[in-house]
Structures are given as structure tokens and as C-alpha cells.
Amino acid sequence: MPLVTLNELMKDAEAKNYAVGAYNVNNLELIRGIIAAAEESQSPVILSFAEVHIPLVPLEVIAPIILEAARKAKVPVAVHLDHGQDHRILIRAMKLGFSSVMFDGAHLQLEENIRRTNEISKIAKALGVSVEAELGKILRPEGGGDEEEEEEYDPDDIYTNPKEAKTFIENTNIDALAVAYGTAHGVYTKEPVLDFNRLQLIKDITGMPLVMHGGSGLDEAAYVKSIQCGIRKLNYYSNMAFEVANTIQSKLNANSDQNKKSYYHDLSKWAMEAIQEDIVRTMRIFGSAGKA
Ligand SMILES: [Zn+2]
């Protein structure tokens, strides 16, 4: 199965009313565990690398590994740069062979966000690469943040404004739009309140494949409702990363309770198994299982 673009995945998801999971990968266990889950589930998948994870592994080191895993997979895989803010990094990702990039200009004024999104999409379209852009403020920055430090806010000030979304779509050439309607990056410590009416309105006005960021740890009904309202790409990472760490910790504890030695390569194996299990679960909920 070839490496595919985000656009190709979004077309099928739109036609069949499901969402494709986009999972951050920053090491080999994540890449292999997620591909194994996609093959087991017969699901399309997006392997995503976040600009904030560059300190964990350089883009030039991990890109060929992600791309090779994608090309060898038995299901369609898009390779995507997540939350690119620096144009130079977006261009590096495209040159390395990523089939999709996200330009995150959500912190910019609308006109500037449009202008800079267009700079990227001009290059991307010439290279056959898909583009995701973002409008509105998703709570907490990518990589999580401190919920305690969150200030009180008025949803109308920070959630995606449907009229602005229309202006944005009419003036840019993108394949998917990340929207803010109450989700937050990182793991939730209190129940989020999602504005589904706003989400449905944005979908009706723009007709775009919409993207949920901060997709970790919502209850199943919130995912299903979001997909019914037009979410087609669902970013999921923190919850899995947390569960995998917990699994490894309990296995280490169990071994030490029984006076058994643990080796570093045991951790890799446990991690891959835990990743695969959690991702298979999400693919069933997102409706992408069986769609490859
Ligand atoms: Zn995000």
C-alpha cells in the first residue's frame, strides 16, 4: 500500500462518515505499534511527527524511518508534520517526503494566518503535499501544559468563529481545518465541555474535513458526536503515552516483586504491545477500522 496524502484519506472519511486517527510518533516503538494496530484493524492511519518533539529526535533521523514504515504497511498511511510553526521546518518535512503538513497559525490575526497558510500551501500543492491549517485556540499548547494556570475565558473569544472559518476557507487552499470547540492538548483532569453546535455550524458553512486536536481521553460518546458533526482527523497521543508509561511501570514492579530481572529491550516489547492495544481501541471508536 503506497504512502498516501491526507487529502486522499479525508475524501474517504468524508464519504463514509468516520475519522482517521493521527498519532504522534517520536520513536520506533510508536511507529511499529501504531502500524501493527492499523494492520490488525484494517484501518487507514496518519503517522504524525510534532515540531515540539524535535528535541527528542531530529526530523532528519526519524523521517526516513517513518516513511519506510509507511511504504511497507499493508494499509494506507499518511505521514504528517504536526503543529509546524516555523516555515523552514515545514519545508524540510516536505523535502524529506512527508505527504502532509500542518501550519499552525492559530495565534496569528486572521489575515496573517491566511497569508502565511497560503505561503505554505503554494509550496505544498506544487509538491503534491496536503495542508492542514488551524483557526481558533485549542486549550493548552501542543505538548500539554498546566491546567492550573488556565485563565477564565469566554468561548466566543477563543473558539473557532464560524464566519471567520468561512473567510479562511474561501481565501486559502487547504485540505483540512483544525477547529477549537473546547478540546485541550494533554490529558484531561476535568470533564471538557464541547460546543457541538459550533462544530456543526462550521461544518455546514465550510464543508471542510475538520480536525480535532486534544483528542486524548474524551469519553466514547464525545468522539462519536464529534465525528457526526464533521470531524475527519482526530489527533490522539497524550492518553496513549500515559497508559503505556503506566503499563511499563506495573510490569517493572511485578518483575521486581517476583525478584525477576527486567532488561531495557523488555520495555520496548511491552511498549509496542500496549501501544497496539490502545490504538486498536481508538480505531474502533473513530470508525476507521475496516476502512483500509
Ligand atoms: Zn494539536
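Indexing begins at 1, ligand by ligand and atom by atom, following the structure's order. Just the heavy atoms: all of them, side chains too, but no hydrogens, waters or symmetry mates, feed the values below.
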Just by distance, with hydrogens left out, do T282 and Y23 show a side-chain donor and acceptor under 3.5 Å apart?
yes
What lies under 2.8 Å from the Zn ion (ligand 1), restricted to protein N/O/S atoms, is H83 NE2, H185 NE2, H213 ND1
Look at R281 together with E277 and state whether they make a salt bridge at an N to O cut-off of under 4.0 Å.
no
Is it true that K203 and E14 make a salt bridge, defined as a side-chain N closer than 4.0 Å to a carboxylate O?
yes
Does K269 pair with E273 as a salt bridge, N-O distance under 4.0 Å?
yes
Tell me whether N27 contacts the main-chain N or O of V57 through its side chain, where contact means a donor paired with an acceptor under 3.5 Å.
no
Quiz question: by atom type and distance under 3.5 Å, do the side chains of T167 and E170 form a donor-acceptor pair?
no
